Amino acid sequence: MKFTKATLVVSAAAMSLGLAACDGPTEEAMEDTGEQMESELDAQAEAMEDAGAPEAEVEAMEDKADAVEDTMEEQADTVGEEMDGNEM
């Protein structure tokens with residue numbers, strides 16, 4: 001599970017770097033905030049797992065982390081682009 005998760009994170013990071021050149025500073029900052037929030041929630045999930053929490057609770061925390069990042073990225077793609085004047 002950890003290998004798969006790490007692989008997904010690395011893949012997502014690589015893809016976001018390819019798109020980063022198109023982002024304005026506000027949009028990029030919003031995306032960075034979302035990634036930071038996801039990292040913090042993932043760390044909490046890891047701590048829960050290490051403490052012996054039930055797998056369902058750990059997975060719920062990981063799902064929450066993914067949802068937070070996805071939401072922030074969607075907001076960055078709309079609000080951030082508008083604020084940067086890069087509307088598509």
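Keep in mind that what you see is a predicted model, and the values were worked out from it rather than measured.
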Quick one: closest heavy-atom pair of Met30 and Met72, and the distance? O-CE, 3.6 Å
Grab the two heavy atoms, one from Glu27 and one from Ala76, that are nearest each other, plus how far apart they are. CG-O, 3.2 Å
Between atom [atom1] of [X] and atom [atom2] of [Y], what is the distance when rounded to the nearest 0.5 Å?
X     : Y     : atom1 : atom2 : value
Glu35 : Asp42 : CD    : CG    : 11.5 Å
Thr71 : Glu73 : OG1   : CD    : 10.0 Å
Asp70 : Gln75 : CG    : CD    : 11.5 Å
Asp63 : Leu41 : CG    : CG    : 11.5 Å
Glu74 : Glu31 : CD    : CD    : 11.5 Å

Walk me through it: do Glu38 and Val68 pass the test side-chain contact (heavy atoms from CB on, under 4.5 Å)? CA-CA 6 Å; Glu38 179 192 30; Val68 165; 5.7 Å; no
We want to know whether Glu40 and Gln36 form a side-chain donor-acceptor pair, criterion being a heavy-atom distance below 3.5 angstrom. yes
Give the intermediate values and the outcome of side-chain contact (heavy atoms from CB on, under 4.5 Å) for residues Met37 and Glu69. CA-CA 7 Å; Met37 292 169 69; Glu69 192 211 7; over 6 Å; no
